[in-house]
Amino acid sequence: MAETIFSKIIRKEMPADIVYEDDRMLAFRDITPQAPTHILIIPKEEIATANDITPEHDELIGAMVRTAATIAEREGIAGDGYRLVINCNGHGGQAVHHLHLHLLGGRPMTWPPG
Ligand code: AMP
């Protein structure tokens with residue numbers, strides 16, 4: 001897949017407000033937050049879209065979701081609730097083709113999404 005800006009953030013060639021990092025993933029605040037808390041959890045492995053997730057990624061994706069829940073707790077939004085979103089391709093509104101999990105919270109979310 002073509003490299004994205006997220007690869008530069010992973011390599012620390014591009015600044016980001018990083019809130020969590022381990023050997024498999026990185027989490028940082030979205031540069032254009034859509035809610036009081038808006039954090040992106042990304043795998044260090046370059047996976048372009050949700051369509052590119054394979055069974056080998058099952059543990060990684062599960063760990064990303066658990067990390068999101070841990071960060072939500074740290075951010076103080078776990079009790080009130082939050083939303084986890086993965087946008088995929090054009091109709092899903094995906095702008096950056098490096099898989100990422102949006103953690104959104106700090107205000108009530110509407111449903112259905114626009
Ligand atoms: P998506 O539309 O699901 O692909 O979301 C991409 C997200 O990445 C958007 O919410 C952007 O605001 C965010 N984003 C793009 N560039 C950066 C950056 N350099 N640092 C933090 N967030 C970014």
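Counting from 1, the numbers follow the sequence of the chain as shown. When a ligand or atom number is given, it counts from 1 through the structure's own listing order.
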For Arg66 and Glu59, run salt bridge (charged side-chain N to carboxylate O under 4.0 Å, His left out): C-alpha distance rounded to whole Å, both residues' side-chain angles, the deciding distance at 0.1 Å, then the answer.
CA-CA 10 Å; Arg66 280 194 305 101; Glu59 199 192 332; over 6 Å; no
Between NZ of Lys8 and NE2 of His98, what distance do you get to the nearest 0.5 Å?
12.5 Å
Students should be able to answer this: which protein heavy-atom is nearest to [atom], and at what distance?
atom: atom 1 (P) of ligand 1; answer: His100 NE2, 3.1 Å
atom: atom 9 (C) of ligand 1; answer: Asp30 OD2, 3.3 Å
atom: atom 4 (O) of ligand 1; answer: Ala95 N, 2.7 Å
atom: atom 20 (N) of ligand 1; answer: Ile31 CB, 3.7 Å

Go through the steps to decide whether Glu46 and Ser7 satisfy the test side chain to side chain donor-acceptor pair (under 3.5 Å), and finish with yes or no.
CA-CA 8 Å; Glu46 291 181 351; Ser7 293; 2.6 Å; yes
Treat each ILVMFWY residue as a node, draw an edge where side-chain heavy atoms are under 4.5 Å apart, and state whether Val85 and Ile41 are in one component.
no
What part of Leu40 sits under 4.0 Å from ligand 1 if we count only heavy atoms: the side chain, the backbone, both or neither?
side chain
Below 4.0 Å, non-hydrogen atoms only: which portion of Asn87 touches ligand 1? Side chain, backbone, both or neither.
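Near ligand 1, Asn87 shows its side chain, while the N, CA, C and O stay back.
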Inspect the surroundings of CD in Glu73 and state if more than 12 heavy atoms from other residues, nucleotides or ligands are less than 6.0 Å away.
no
Is any side-chain heavy atom of Phe6 closer than 4.5 Å to one of Met14?
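Not in contact.
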For ligand 1, which atoms have a heavy atom of [X] less than 4.0 angstrom away?
X: Arg29; answer: 21 (C)
X: Val96; answer: 4 (O), 6 (C)
X: Thr32; answer: 12 (O)
X: Phe6; answer: 8 (O)

Ligand 1 N/O within reach of [X] N/O, cut-off under 3.5 Å:
X: Gly93; value: yes
X: Ile9; value: no
X: His102; value: yes

Between His102 and His100, is the ring centroid distance below 6.0 Å?
yes
If you measure from the Lys or Arg side-chain nitrogens to the Asp or Glu carboxylate oxygens, is any gap between Arg24 and Glu45 under 4.0 Å?
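Glu45 and Arg24: not salt-bridged.
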Determine the sole option in Ile42, Thr67, Leu101, Ile10 for which the side-chain contact (heavy atoms from CB on, under 4.5 Å) test with Met25 is passed.
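Passing option: Thr67.
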